[in-house]
2 protein chains.
Amino acid sequence: MGLTKSEIFTEAQNQISSIAKVFGHPARVAILQHLFKTNSCICGDLVDEIGLAQPTISQHLKELKNVGLISGNIEGTSVCYCIDKANWSKMKTIINDFLNQDVNENTNCC
Amino acid sequence: MGLTKSEIFTEAQNQISSIAKVFGHPARVAILQHLFKTNSCICGDLVDEIGLAQPTISQHLKELKNVGLISGNIEGTSVCYCIDKANWSKMKTIINDFLNQDVNENTNCC
DNA sequence: TTATTATATTGCAATATTACGATTAATATG
DNA sequence: CATATTAATCGTAATATTGCAATATAATAA
């Protein structure tokens with residue numbers, strides 16, 4: 001197997017998990033933090049910042065692009081990446097709604 | 001390869017990603033939602049609720065236990081699971097701090 | 001045109017994850 | 001005790017992910 005049975009889950013459950021999955025690798029967390037920290041578009045210096053090979057960084061950037069969290073603008077021979085603010089907000093709402101669930105103190109048994 | 005290079009990332013980055021990784025599968029999202037919804041401990045009926053085999057559910061529960069998000073109490077021949085509220089709160093803070101980063105509007109270029 | 005530079009893609013090896021049947025361990029119940 | 005019930009563990013097959021060398025592509029510079 002090794003194949004997630006997405007069909008048996010709700011769209012919301014699949015959405016939450018696919019967003020979370022993207023955050024589930026330290027390189028992608030580091031890339032996002034760097035994009036936030038510099039407050040501007042970042043190109044190839046991510047390879048120097050993070051200690052991974054260029055194709056590996058490129059692959060992680062692609063995954064971040066696929067879920068829409070970042071976008072890239074071509075600037076001469078380099079590409080300029082930055083956070084997609086609108087999608088970041090949407091995503092934040094989805095994750096927050098999930099995290100802010102609360103257990104009912106009364107009926108809990110452990 | 002296939003081995004994440006955790007050594008090159010900060011402890012915080014690794015912590016964020018390992019929490020997110022747990023949410024990165026719809027079955028675990030569904031399990032947590034069910035534990036919240038029922039407001040009480042759930043045992044083997046997770047297997048009926050979610051459409052996965054018993055060993056698979058057991059494996060996902062183990063991962064949730066490993067990061068401390070749930071705990072299980074043995075009750076006769078069955079096991080009673082519930083959200084670990086204290087750890088859930090701690091985790092929520094860590095993820096929220098990451099999600100609430102904001103880009104500086106002024107210096108953004110895309 | 002021919003470099004040069006920067007990023008993407010391909011291909012592949014190593015490892016991880018998902019899922020489940022079979023089995024085991026522990027506790028109930030007759 | 002024998003047997004059912006419940007959940008964990010083991011073993012394994014299928015697929016996914018991570019990482020990188022090699023190569024391709026695209027844009028600019030000389």
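Labels below follow one simple rule: chain letters A, B, ... track the order of the sequence lines, proteins then strands, and each chain is numbered from 1.
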Ignoring backbone atoms, establish whether K62(B) has a side-chain N or O less than 4.0 Å from OP1 or OP2 of dT9(D).
yes
For S17(A) and P26(B) the tightest heavy-atom approach is OG-CD, 3.3 Å
note: Q59(B), atom CD; dT6(D), atom C1'; distance rounded to Å ~ 18 Å
Review point. Base, sugar-phosphate alone, or nothing: which one does T4(B) contact when heavy atoms must sit under 4.0 Å apart?
Key: sugar-phosphate
Judged by nearest nucleotide, the residue sitting upstream toward the 5' end of DNA chain C, S58(A) or F9(A), is S58(A)
Taken to the nearest whole Å, CD1/I8(B) to P/dT18(D) is 13 Å
E75(A) CD to dT28(D) P, in whole Å, measures 11 Å
Rounded to whole Å, CG of N73(A) lies from C1' of dT7(C) at a distance of 14 Å
Taking for I57(B) and for A27(A) the nucleotide of DNA chain D with the nearest heavy atom, the one nearer the 5' end belongs to I57(B)
DNA chain D nearest-nucleotide lookup for Q54(B) and E63(A): closer to the 5′ end is Q54(B)
Note to self: Any side-chain N or O of Y81(B) below 4.0 angstrom from OP1/OP2 of dT6(D)?
What the structure shows: no
Per atom distances to the P55(B) side chain, the nearest of dA22(C), dA8(C), dT17(D) is dA22(C)
Side-chain contact check for L3(A): nearest option of dT15(D), dC20(D), dT9(D) is dT15(D)
Inset, instruction - Look at K21(A) and dT17(D) and indicate whether a side-chain polar atom (N or O) is within less than 4.0 Å of OP1 or OP2. - result: yes
- Task: Tell me whether the OP1 or OP2 atom of dG19(D) has a side-chain N or O from H60(A) closer than 4.0 Å.
- Result: yes
H25(B) NE2 to dT17(D) C1', in whole Å, measures 14 Å
Any side-chain N or O of T56(A) less than 4.0 Å from the OP1 or OP2 oxygen of dC20(D)?
yes
**Asked** So what does L52(B) touch, heavy atoms closer than 4.0 Å: a base, only the sugar-phosphate, or nothing?
**Response** sugar-phosphate
* Asked: If only side-chain N and O atoms of T77(A) are considered, is one of them under 4.0 Å from the OP1 or OP2 phosphate oxygen of dA27(D)?
  -> no
Taken to the nearest 0.5 Å, the spacing of N14(A) CG from K5(A) NZ works out to 13.5 Å
Between CG of D48(B) and C1' of dT5(D) the distance, given in whole Å, is 13 Å
Test side-chain contact (heavy atoms from CB on, under 4.5 Å), reference H60(A), set L32(A), L46(A), I31(A), I50(A), output is I31(A)
**Asked** Would you say the side chain of I70(B) lies within less than 4.5 Å of the side chain of D84(B), judging by non-hydrogen atoms?
**Response** no
* Asked: Distance check: side-chain N/O of K5(A) vs OP1/OP2 of dC20(C), anything under 4.0 Å?
  -> yes
In terms of heavy-atom contacts, L99(A) and K92(B) come closest through O-CD, 3.0 Å
Here the distance between atom P of dT17(D) and atom CZ of F23(A), to the nearest Å, is 16 Å
How about F23(B) and V67(B): do any of their side-chain heavy atoms sit closer than 4.5 Å?
-> no
Taken to the nearest whole Å, CD1/I50(A) to P/dT7(C) is 13 Å
